[in-house]
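Residue numbers count from 1 along this sequence.
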Amino acid sequence: QIVINIVTAVILFIFVLPFFLATKKTTTSSNGAISKGSVDQPATTTSGPHPSSKKSNKKRNGKKAKEQTSSSRPTTTLHQVNKNNDDGDDEPAVEFSATTSNLLTLLYTIVVFGILFFNDNNLFLARTILRAPIFTQEECQHIIDMANGAAERNANEAAKEREALLLENPEFMDLELTKEEEEEEKEDDTSNATTIATNPGMDPHVHKLNKLDSMLVEPKGWKKDRHNHYPTTDLNLVTDPFTSEDRAWLAHRLNARLTPLVERSFGIFRGAIRANDIFVVRYDASKGQPALRKHTDSSHLSFNVLLNDAFEGGGTRFHNRRDKTYIDVKPDVGEALISHAEILHEGLATTKGTRYILVGFDSIDEKDPLTGEPTNLSVFSSWLNFPWMQVRFKEGWQDGRKTRTRVLNNMLDDSGEWKYSRYAVGLFRDLDEAMRWLIDQFAPFRSLKVVDTEDPQKYFQVMDEAMERRNQEIEKPSRGAGYASWYKGQQIDLDVFGNFKRIWNSRSEKEDKFRGEDL
C-alpha cells in the first residue's frame, strides 16, 4: 500500500499537475512572422506600405497607379509563413514558472513524508507496549536457578581472587571493609564498594579489590556496577558464569517464541535481531536495589519477562512524554513486555520480597556488525521506519560525540570523516530529537495483549513445533536464514550506518568469553 501511494504521488506531482499548470508561450520568428502556435486564421502579409497608404495612392494616381503598385508588390501566403517558420523557428515553448515548480516540489515532499510517516509501519507500534507469554512458570523458575547458580560461582571466584590479591599485596589489608561498613552497605543500594569500583584513575589493584568487595556485598555474586548511568543488580548471560547449556536452552526458547512474535508484530525479519545486552535482574525490598528510575534503553527494541510472583509492589511504569500520563503494567509470570526502547519507563519499587526479570536490549541490524553478514532486513523496517531511524541517528550522534571528545583530548587521530564533523554530529542529534518529538505527538500510547489464551501450554507447543520444523529444514543456522544473535554480538557500539565502532568496558574485561564456539 505504501508503494502504491508513493507511485500515485509521483504521477500526480511530476506528470499530471505540471501538465495542467503549464502555459503556452507565444513566440515571434526572426522575420517578424507570428509562430504557428499563435495563428488563428489565414492572413496576408506584405513587404510594401501599409494598406492605408495603398488607398491614398489609389485616389491620387488612379487606375494606373493601382496596377503599378499591384504588379510591383509581391504577396506572401499563410502557407509560405508556416513554411518559413518550419524551416527556421522552434516549436512553441511551454512556460512553467519557478514559483510553481518550487511549490509543487515542496508539496510532493510533504505528501511523500506524510505517506511514510502516517502509515501503520511507523506509528502503530512506536509507543505501544505488547504483552505476550514467553515462558511457563517452570521455565521461569529454571532461569532463576540458572542466575542464582551463576551468582554463587561469581561469589566463590571473587572470594578466591580477593584472598590471593591480599596475600600478594598485604599493604591493602587496611582497605578491607569493617563489619560496620558492611552493615551500612547492606542497607544502602548504592554501596561505597560499587562507587569506588567505578572510580577511574585509582591504583589498579585497589580498583580490583573494590570490585571484588562489591561482588561480596549482598546479594553476593550479583553485579552492581555494570551499567554506569542506570545501574541494576544483574547478571549477563555471557560475561557472568552461566553454562553453555544454560545459554543454548534459553536461545532455543527465544528463537521459538519471541522472534516470531517480533517478526509478526513489528515487521522485522527475525534474523535481524541482535541482543546487545541480555541479563537477569533482581529487585530486592530489604537488600540491594528495590527500583530503577526513569530511563530509556540503548537499543531499538527491549523486552522484559517476569520470572516470579513472590513479592509485593514492582511492575513497570511507561511514561507518555506528550501529556505526562503513564501506564503501569504488571505482567503475569512468564509474560513478556515488548516495546520500542525509546519509550520512557521505570521499574517500580519492590516493597516486599525479591522480583526477578529477564531483560533484553535488542538492536535491529541491516548486517551483522562483526561479520558483515546480511540479515535480510527490509528497507521498510529500517530506513523507511521512523522509530528505527531515530535510534540509528541517536547512535550516530553518540558515536560522533565520543569520537570528537577523544580527538580533542589527543586520544585518537582525526580521521576527517564527514560523519564526525561538528555539523554532522549536530545534525544527527537534531534528527534524533525531531523524530522522537514527532513519534511522541502522533503515535498512540497504549498497552496491548497480543496473545490471549487460557492454555499457554498449547500455544508454546505450537510455537516449539514450528521451530523444530525450521531447524530440520535449515542445515546451517545463520542470521540470513532467520536466526537471531543472542550472545556473540553483545555490548558493542555502532556508528550511524551500523558499522562496528567499539566494545563496552564490561565486554573488554571478559572478551575471551565472547570467543566461545557455543555462542
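Residues Val359 and Ile278 have side chains not in contact (no heavy-atom distance under 4.5 Å, counting atoms from C-beta outward). Side chains of Leu292 and Tyr283 form a contact here, defined as non-hydrogen atoms less than 4.5 Å apart. At least one side-chain heavy atom of Asn499 sits under 4.5 Å from a side-chain heavy atom of Lys367. In this structure the side chain of Ile129 never reaches within 4.5 angstrom of the side chain of Ile338, judged on heavy atoms. The shortest distance between side-chain heavy atoms of Pro18 and Leu104 falls below 4.5 Å. For the pair Ile492/Pro369, a side-chain contact is recorded, criterion being any heavy-atom separation below 4.5 Å from C-beta on. Here the side chains of Pro387 and Ile439 are in contact, with some heavy-atom distance below 4.5 Å.
The pair Arg436-Asp440 does not meet the salt-bridge criterion, since no charged nitrogen lies less than 4.0 angstrom from a carboxylate oxygen. Of the charged side-chain nitrogens involved, none lies within less than 4.0 Å of a carboxylate oxygen, so that Asp328 and Lys330 do not count as a salt-bridged pair. Between Lys394 and Glu342, at least one side-chain N (NZ, or NE/NH1/NH2) sits under 4.0 Å from a carboxylate O, which counts as a salt bridge. Ion pair Asp234/Lys223 not flagged as a salt bridge, since none of the NZ, NE, NH1 or NH2 atoms sits closer than 4.0 Å to an Asp/Glu carboxylate oxygen. The residues Arg293 and Glu346 are annotated as not salt-bridged, no charged nitrogen and carboxylate oxygen being separated by less than 4.0 angstrom. A salt bridge links Arg507 with Glu511: at least one charged nitrogen is closer than 4.0 Å to a carboxylate oxygen. Under a 4.0 Å N-O distance rule, the pair Glu139/Arg257 qualifies as a salt bridge. Under a 4.0 Å N-O distance rule, the pair Arg502/Asp399 qualifies as a salt bridge.
In this model, a donor atom of one side chain and an acceptor atom of the other lie less than 3.5 Å apart for Thr243 and Asp246. Donor-acceptor pairing under 3.5 Å is recorded for the side chains of Trp486 and Asn255. Using a 3.5 Å distance cut-off with no hydrogens or angles, the side chains of Gln141 and Gln137 do not pair a donor with an acceptor. For the residue pair Asn376/Arg479, the side-chain donor-acceptor check at 3.5 Å is not satisfied. Side-chain contact annotation: Asp323 with Thr325, donor-acceptor N/O pair under 3.5 Å present. Neither side chain, Asp297 nor Tyr230, offers a donor N or O lying under 3.5 Å from an acceptor on the other. His252 and Asp464 share no donor-acceptor pair across their side chains, judged by distance under 3.5 Å alone. At a cut-off of 3.5 Å, with distance as the only test, no side-chain donor of Asn276 or Ser299 sits close to an acceptor on the other residue. No hydrogens or angles considered: a donor-acceptor pair under 3.5 Å links the side chains of Trp383 and Glu366.
Between the Thr316 side chain and the Val329 main chain, no donor and acceptor come within less than 3.5 Å of each other. Remark: side-chain polar atoms of Arg127 are not paired, donor with acceptor, to backbone N or O of Arg446 under 3.5 angstrom. Glu373 places a side-chain N or O within donor-acceptor distance of the main-chain N or O of Gly480, the cut-off being under 3.5 Å. Formation of a donor-acceptor pair under 3.5 Å by the Ser265 side chain with backbone atoms of Leu261 is found in this model. Here the side chain of Thr350 pairs no donor or acceptor atom with the backbone of Asp284 at under 3.5 angstrom. In this structure, the side chain of Asp332 does not engage the main chain of Glu335 through any donor-acceptor pair within 3.5 Å.
Taken from CG in Asp213 to CG in Asn210, the straight-line distance is 5.5 Å, to the nearest 0.5 Å. Rounded to the nearest 0.5 Å, atoms OG1 (Thr8) and CD1 (Ile4) are 7.5 Å apart. Rounded to the nearest 0.5 Å, atoms CD1 (Ile357) and CZ (Phe303) are 10.5 Å apart. The line from CG of Leu17 to OG1 of Thr100 is 11.0 Å long, rounded to the nearest 0.5 Å. Taking NZ of Lys513 as the start and CZ of Phe242 as the end, the distance is 11.0 Å to the nearest 0.5 Å. Here the CZ atom belonging to Phe393 is positioned 5.0 Å from the CG atom belonging to Leu431, to the nearest 0.5 angstrom.
A side chain to side chain contact (heavy atoms under 4.5 Å, CB included) with Phe318 holds for exactly one of Leu337, Leu344, Thr128; it is Leu337.
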Q | From CA spacing to verdict: side chain to side chain contact (heavy atoms under 4.5 Å, CB included), Thr403, Leu412 | A | CA-CA 8 Å; Thr403 301; Leu412 187 69; 3.9 Å; yes

Q. Yes or no on side chain to side chain contact (heavy atoms under 4.5 Å, CB included) for Gln390 and Glu395, after CA distance, side-chain angles and deciding distance?
A. CA-CA 9 Å; Gln390 188 236 315; Glu395 291 175 334; over 6 Å; no

Q: Evaluate side chain to side chain contact (heavy atoms under 4.5 Å, CB included) for Phe311 paired with Lys352, printing each intermediate quantity in order.
A: CA-CA 5 Å; Phe311 62 91; Lys352 183 179 180 180; over 6 Å; no

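Remark: Arg401 is positioned above the aromatic ring of Trp397, its terminal NZ or CZ atom under 6.0 angstrom from the ring centre and at most 45 degrees off the axis. In this structure, Arg317 forms a cation-pi arrangement with Tyr326, its terminal cationic atom sitting closer than 6.0 Å to the ring centre and no more than 45° off the ring axis. For the pair Arg226 and Phe279, the distance from NZ or CZ to the six-membered ring centre is under 6.0 Å and the angle to the ring normal is within 45 degrees. For the pair Arg274 and Phe500, the NZ or CZ position fails the cation-pi test of under 6.0 Å to the six-membered ring centre and within 45 degrees of the ring normal.
You'll find the ring centres of His340 and Trp388 outside the 6.0 Å limit. Checked against the 6.0 Å centroid threshold, Phe266 and His300 do not count as a close aromatic pair. Between Tyr487 and Phe514, a ring centre-to-centre spacing not shorter than 6.0 Å is recorded. The ring of His319 has its center no closer than 6.0 angstrom to the ring center of His345.
In terms of heavy-atom proximity, Pro231 sits nearest to Gln289 at O-NE2, 2.9 Å. Contact record, Asn154 with Pro241: OD1-CD, 3.1 Å, taken as the closest heavy-atom pair. Smallest separation of non-hydrogen atoms from Thr232 and His227: OG1-ND1, 3.6 Å. Smallest separation of non-hydrogen atoms from Ile144 and Leu307: CD1-O, 3.5 Å. The two residues Leu370 and Gly489 come nearest to each other via the heavy atoms CD1-CA, 4.0 Å. Closest heavy-atom contact between Asn121 and Phe380: ND2-O, 2.5 Å.
Under the rule for a ring-ring contact (aromatic ring centres under 6.0 Å, His included), the partners of Phe113 that lie at least two apart in sequence or sit in another chain are Phe117, Phe386.
In this structure, Glu152 places its CD atom where only 12 or fewer heavy-atom neighbours from other residues, nucleotides or ligands lie under 6.0 Å away. Surrounding NZ of Lys449 are more than 12 heavy atoms belonging to other residues, nucleotides or ligands, all under 6.0 Å away. No more than 12 heavy atoms of other residues, nucleotides or ligands lie within 6.0 Å of CD in Glu475, so this atom counts as exposed by the packing criterion.
Aromatic ring pairs are classed by plane angle as parallel below 30°, tilted from 30° to 60° and perpendicular above 60°; the pair Tyr356 and Trp222 is tilted.
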